[in-house]
Novice: 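Pasting a structure here, questions to come.
Note that the structure is a prediction, hence the values are computed from the model and not measured.
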Amino acid sequence: QVQLVESGGGLVQAGGSLILSCAVSGRTSSSVNMGWFRQAPGKEREFVAAIRRSGVRMYNLDVVKGRFTISRDNAKNTIYLQVTNLKPEDTAVYYCAAGWGDYEIANGYDYWGQGTQVTVSS
């Protein structure tokens with residue numbers, strides 16, 4: 001069983017930055033694909049970024065546009081999503097996920113965190 005706990009969300013002004021964290025327990029984060037998704041009100045959950053077991057980082061370029069960076073700290077068994085130059089359209093609940101399937105789709109993940117709210121004011 002894998003447990004994921006996100007933190008780091010909050011209210012930030014447009015142009016600001018945040019670092020979201022996902023603490024992993026039950027398995028080493030490097031043994032599984034780790035992803036970040038987000039879901040805005042009334043919209044479907046969408047892929048943001050992933051770091052695969054190999055360490056390769058993958059991004060949804062339509063979402064990220066060079067503003068987000070995913071990273072992994074093996075010593076802390078934690079995944080991070082650094083988000084910069086935030087825009088009001090980035091407002092969403094951000095979820096961390098772990099799994100062994102297709103890293104770009106929600107069905108490719110077996111475990112999910114509870115989510116952390118990011119709200120960007122204009």
Side-chain angles (χ1 to χ4, degrees):
Q1 192 76 1
V2 177
Q3 291 83 41
L4 307 173
V5 178
E6 302 100 331
S7 61
L11 175 63
V12 62
Q13 289 187 331
S17 301
L18 287 172
I19 297 178
L20 308 182
S21 299
C22 174
V24 183
S25 60
R27 200 169 187 103
T28 56
S29 61
S30 59
S31 67
V32 65
N33 296 333
M34 297 295 304
W36 284 98
F37 286 73
R38 70 183 187 182
Q39 188 166 19
K43 294 187 177 181
E44 293 188 354
R45 192 168 298 191
E46 65 177 348
F47 169 69
V48 175
I51 185 163
R52 302 171 70 178
R53 286 175 289 172
S54 62
V56 174
R57 306 176 190 186
M58 310 299 294
Y59 296 96
N60 180 341
L61 297 181
D62 289 337
V63 169
V64 173
K65 298 180 181 178
R67 299 181 295 122
F68 295 4
T69 302
I70 188 171
S71 61
R72 181 174 69 200
D73 185 330
N74 291 334
K76 295 183 177 180
N77 213 27
T78 299
I79 304 296
Y80 302 96
L81 184 70
Q82 181 176 3
V83 295
T84 63
N85 191 20
L86 282 159
K87 306 177 185 301
E89 52 264 38
D90 294 318
T91 295
V93 178
Y94 285 71
Y95 296 92
C96 174
W100 292 268
D102 187 337
Y103 66 87
E104 285 185 297
I105 61 174
N107 285 343
Y109 294 86
D110 302 279
Y111 302 97
W112 292 83
Q114 81 288 351
T116 185
Q117 176 71 48
V118 172
T119 303
V120 184
S121 62
S122 57

Novice: Under 3.5 Å, is there a donor-acceptor pair between the side chain of T84 and the main chain of R67?
Specialist: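 Confirmed, T84 side chain pairs with R67 backbone.
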
Novice: Can you tell me how far the OG atom of S30 sits from the CD1 atom of I51, to the nearest 0.5 Å?
Specialist: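 Interatomic distance, S30 OG to I51 CD1, rounded to 0.5 Å: 9.5 Å.
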
Novice: Please say yes or no: joined through hydrophobic side-chain contacts below 4.5 Å, possibly via intermediate residues, are V93 and I79 part of one cluster?
Specialist: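 No.
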
Novice: Just by distance, do the side chain of T91 and the backbone of V120 share a donor-acceptor pair under 3.5 Å?
Specialist: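 Such a contact is found between T91 side chain and V120 backbone.
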
Novice: Among all residues two or more places apart in sequence or in another chain, which pass the side chain to side chain contact (heavy atoms under 4.5 Å, CB included) test with D102?
Specialist: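 For D102 the side chain to side chain contact (heavy atoms under 4.5 Å, CB included) partners, ignoring immediate neighbours, are E104, I105.
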
Novice: Is D110 reaching over with its side chain to a backbone N or O of G99, donor-acceptor style, under 3.5 angstrom?
Specialist: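 Between the backbone of G99 and the side chain of D110 there is no qualifying donor-acceptor contact (under 3.5 Å).
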
Novice: Keeping the roles fixed (side chain from R57, backbone from T69), state whether a donor-acceptor pair exists under 3.5 Å.
Specialist: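 Checked: no pair found.
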
Novice: Please report the C-alpha distance between V48 and N60 in whole Å, then the side-chain angles of each, then the deciding distance to 0.1 Å, and finally whether the side chain to side chain contact (heavy atoms under 4.5 Å, CB included) criterion is met.
Specialist: CA-CA 5 Å; V48 175; N60 180 341; 5.6 Å; no

Novice: Does one hydrophobic cluster hold both M34 and W100, with members joined at side-chain heavy-atom distances below 4.5 Å?
Specialist: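 Yes; tracing contacts between hydrophobic side chains, which count when under 4.5 Å, links both residues.
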
Novice: Between the main-chain N or O of V5 and the side-chain N or O of Q114, is there a donor-acceptor pair closer than 3.5 Å?
Specialist: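 No: the side chain of Q114 does not pair with the backbone of V5.
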
Novice: Counting neighbours of CD on E44 that are heavy atoms of other residues, nucleotides or ligands and sit closer than 6.0 Å, is the number greater than 12?
Specialist: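 Atom CD in E44 is not crowded, with 12 or fewer foreign heavy atoms closer than 6.0 Å.
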
Novice: Please find the pair of heavy atoms, one from W112 and one from A106, that lie closest to each other, and give the distance.
Specialist: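 Minimum heavy-atom contact is CZ2-O, 3.5 Å.
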
Novice: Do you know the tightest heavy-atom contact between A92 and A40?
Specialist: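 In terms of heavy atoms, the two residues are closest at CB-N, 3.8 Å.
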
Novice: Can you name the residues that form a side chain to side chain donor-acceptor pair (under 3.5 Å) with R27, not counting sequence neighbours?
Specialist: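 Applying side chain to side chain donor-acceptor pair (under 3.5 Å) to R27 gives S31.
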
Novice: About how many Å separate CZ of R52 and CZ of R72, when rounded to the nearest 0.5 Å?
Specialist: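 It comes to 12.0 Å.
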
Novice: Please evaluate residues Q82 and S71 with respect to the criterion side chain to side chain contact (heavy atoms under 4.5 Å, CB included), reporting the C-alpha separation (whole Å), side-chain torsions for both, the decisive distance (0.1 Å), and the verdict.
Specialist: CA-CA 8 Å; Q82 181 176 3; S71 61; over 6 Å; no

Novice: Side chain of D73, backbone of T78: donor and acceptor closer than 3.5 Å?
Specialist: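 Here the side-chain-to-backbone pair does not exist.
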
Novice: With heavy-atom distances below 4.5 Å as the criterion, would you say the side chains of D62 and E46 are in contact?
Specialist: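 The answer is no, as the side chains (C-beta and beyond) never meet within the 4.5 Å cut-off.
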
Novice: Check the hydrophobic clustering (I, L, V, M, F, W, Y; side-chain heavy atoms under 4.5 Å; chains of links allowed) and say if F37 and L4 are grouped together.
Specialist: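 The answer is no; the residues belong to distinct hydrophobic clusters.
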
Novice: I'd like to know if the side chain of Y59 reaches the main chain of G66, judged simply by a donor and an acceptor atom lying under 3.5 Å from each other, with no hydrogens or angles considered.
Specialist: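 Answer holds: no.
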
Novice: Do W36 and V56 sit in the same hydrophobic cluster, where Ile, Leu, Val, Met, Phe, Trp and Tyr count as joined when their side-chain heavy atoms come under 4.5 Å apart?
Specialist: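 In one cluster with W36: V56, no.
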
Novice: Of the non-hydrogen atoms in L81 and A49, which two are nearest, and what is the gap between them?
Specialist: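 Residues L81 and A49, closest heavy atoms: CD1-CB, 4.2 Å.
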
Novice: Are Y111 and V32 connected into the same hydrophobic cluster when the rule is that any two of I, L, V, M, F, W, Y join if their side-chain heavy atoms are below 4.5 Å apart?
Specialist: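 Same cluster.
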
Novice: Do the non-hydrogen side-chain atoms of T116 and L20 ever get within less than 4.5 Å of each other?
Specialist: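 Of all side-chain heavy-atom pairs linking L20 with T116, at least one is under 4.5 Å.
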
Novice: Could you note down all residue pairs passing disulfide (SG to SG under 2.5 Å) where residues 59-111 supplies at least one of them, sequence neighbours left out?
Specialist: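 Counting only pairs at least two positions apart or across chains, the disulfide (SG to SG under 2.5 Å) contacts touching residues 59-111 are C22-C96.
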
Novice: Determine which pairs satisfy ring pair (Phe, Tyr, Trp, His ring centres under 6.0 Å) with at least one residue from residues 63-96, sequence neighbours left out, and list them in order.
Specialist: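 Matches after skipping sequence neighbours: none remain.
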
Novice: Partners of Y109 by side chain to side chain donor-acceptor pair (under 3.5 Å), sequence neighbours excluded?
Specialist: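 For Y109, no residue satisfies side chain to side chain donor-acceptor pair (under 3.5 Å) once neighbours in sequence are set aside.
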
Novice: Would you say V118 and V83 make side-chain contact, with heavy atoms under 4.5 Å?
Specialist: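 A side-chain contact is absent here, since even the closest heavy-atom pair is not under 4.5 Å.
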
Novice: Among all residues two or more places apart in sequence or in another chain, which pass the ring-ring contact (aromatic ring centres under 6.0 Å, His included) test with Y103?
Specialist: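 If we apply the ring-ring contact (aromatic ring centres under 6.0 Å, His included) test to Y103, skipping adjacent residues, the hits are F47.
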
Novice: So, for G101 and N33, which heavy atoms are closest and what is the spacing to 0.1 Å?
Specialist: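 Result for this residue pair: O-ND2, 3.4 Å.
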
Novice: Would you say K65 and N85 make side-chain contact, with heavy atoms under 4.5 Å?
Specialist: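 SC-SC contact between K65 and N85 ruled out.
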
Novice: Can you list the steps and then say if L86 with Q13 is a side chain to side chain contact (heavy atoms under 4.5 Å, CB included)?
Specialist: CA-CA 8 Å; L86 282 159; Q13 289 187 331; over 6 Å; no

